[in-house]
Amino acid sequence: MSLDILAIAAHPDDIEQTCGGTLLRMAEKGYRAGALDLTAGDMGTRGTPEQRLAEAEVAGRHLRLHWRGNLGFPDARLENTLSARMTLAVKIRELRPRVVILPYWEGRHPDHYRASELGYEACFLAGLKKLDEYSEPHRPYKVIYASLYANVTPSFVVDISGQFETRMAALLSYQSQYGAQGEGGGLFPQEQEIGERLGAVARFYGNLIGVKYGEPFVVKETMQVDDIVNMGVRSI
Ligand SMILES: [Zn+2]
């Protein structure tokens, strides 16, 4: 298997919230995009791990994912251990993505920033020839960080105006999380509320580049420009 893009996140539905529109847009361009969820979200108030895995499958079809997997690491207590790094590194060697999308490296939920660190270190390890003798070394060319929930200026924003509605449908596939009924009703936003909230966030980032809806990303390297006559986003 050789993917163009692999998004790695802590919980099923993180990817739909932070970079689902971008994955769909890239799939529409013909790229093979995949998603790897590190935990099955088994500590969540609502839904069983089996339910969330089934929902992730449906959501992945909305996003036209070429591949989706779940490593079944422990939810809410994700640790960046040697064994977790090795497991993830071997998976990266199998999937051979050119671009990896990770969660932003700071956040409220410990799983999110641990997933970010674990993802980065696994990408590095994946490139070591002697890591394991059964898989070929592979180091992703580019690591980008989905920064939707981080209060930081993005390095760039992807226009997802054409993908926004499908991305919302993908997110709402997680009926155990966003459905109206069930226990824990006070904790989770209902469908309309989450639609309004994510719509407002996507409008905010879209507005930064002069489009309707956008998804923000941060890169640690400087972005290169080869043609300053054809740069996007109007200044005046
Ligand atoms: Zn999460």
Side-chain angles (χ1 to χ4, degrees), residues 5-24 33-60 62-63 65 68-81 84-85 87-88 91 100-122 143-152 154 160 167-179 182 184 186-191 193-195 197-202 205 215-218:
I5 307 155
L6 176 66
I8 298 172
H11 314 110
D13 88 358
D14 284 356
I15 279 162
E16 285 74 10
Q17 294 193 46
T18 61
C19 60
T22 302
L23 292 178
L24 176 57
L36 180 55
D37 309 308
L38 298 181
T39 80
D42 47 288
M43 292 294 271
T45 311
R46 286 178 165 194
T48 62
E50 293 73 27
Q51 249 175 322
R52 293 188 76 173
L53 290 177
E55 291 165 351
E57 212 34 61
V58 176
H62 280 295
L63 300 179
L65 294 181
R68 185 166 208 160
N70 192 300
L71 286 184
F73 288 162
D75 180 25
R77 52 209 191 283
L78 188 64
E79 296 281 358
N80 180 6
T81 61
R85 284 196 296 279
T87 305
L88 185 51
K91 204 74 204 166
V100 167
I101 303 177
L102 296 177
Y104 188 70
W105 57 87
E106 282 172 3
R108 182 186 64 83
H109 198 311
D111 283 357
H112 293 166
Y113 55 79
R114 294 240 162 76
S116 186
E117 185 188 70
L118 178 55
Y120 179 83
E121 292 180 8
V143 176
I144 70 176
Y145 297 87
S147 62
L148 189 105
Y149 288 127
N151 190 13
V152 293
I160 59 152
R167 189 200 71 161
M168 279 309 300
L171 186 64
L172 294 176
S173 305
Y174 293 91
Q175 276 296 310
S176 69
Q177 304 304 299
Y178 305 113
L187 281 178
F188 293 96
Q190 309 279 321
E191 284 193 14
E193 213 284 321
I194 189 141
R197 182 156 58 83
L198 284 182
V201 173
Y205 286 111
E215 268 171 358
F217 296 89
V218 171

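Start at 1 and go down the list; that is how both ligands and their atoms are numbered.
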Starting at CG of N70, measure out to OG1 of T39 and round the result to the nearest 0.5 Å.
-> 6.5 Å
To the Zn ion (ligand 1), the closest N, O or S atom belonging to D14 is OD1
Mind checking whether Y104 and Y145 have parallel, tilted or perpendicular rings, split at 30° and 60°?
-> perpendicular
T22-E215 side chain donor-acceptor pair, cut-off 3.5 Å | yes
Has D13 got an N/O/S atom less than 2.8 Å from the Zn ion (ligand 1)?
-> no
Salt-bridge contact R68-D37 (side-chain N to carboxylate O under 4.0 Å) | yes
Does H11 bring an N, O or S atom to within less than 2.8 Å of the Zn ion (ligand 1)?
-> yes
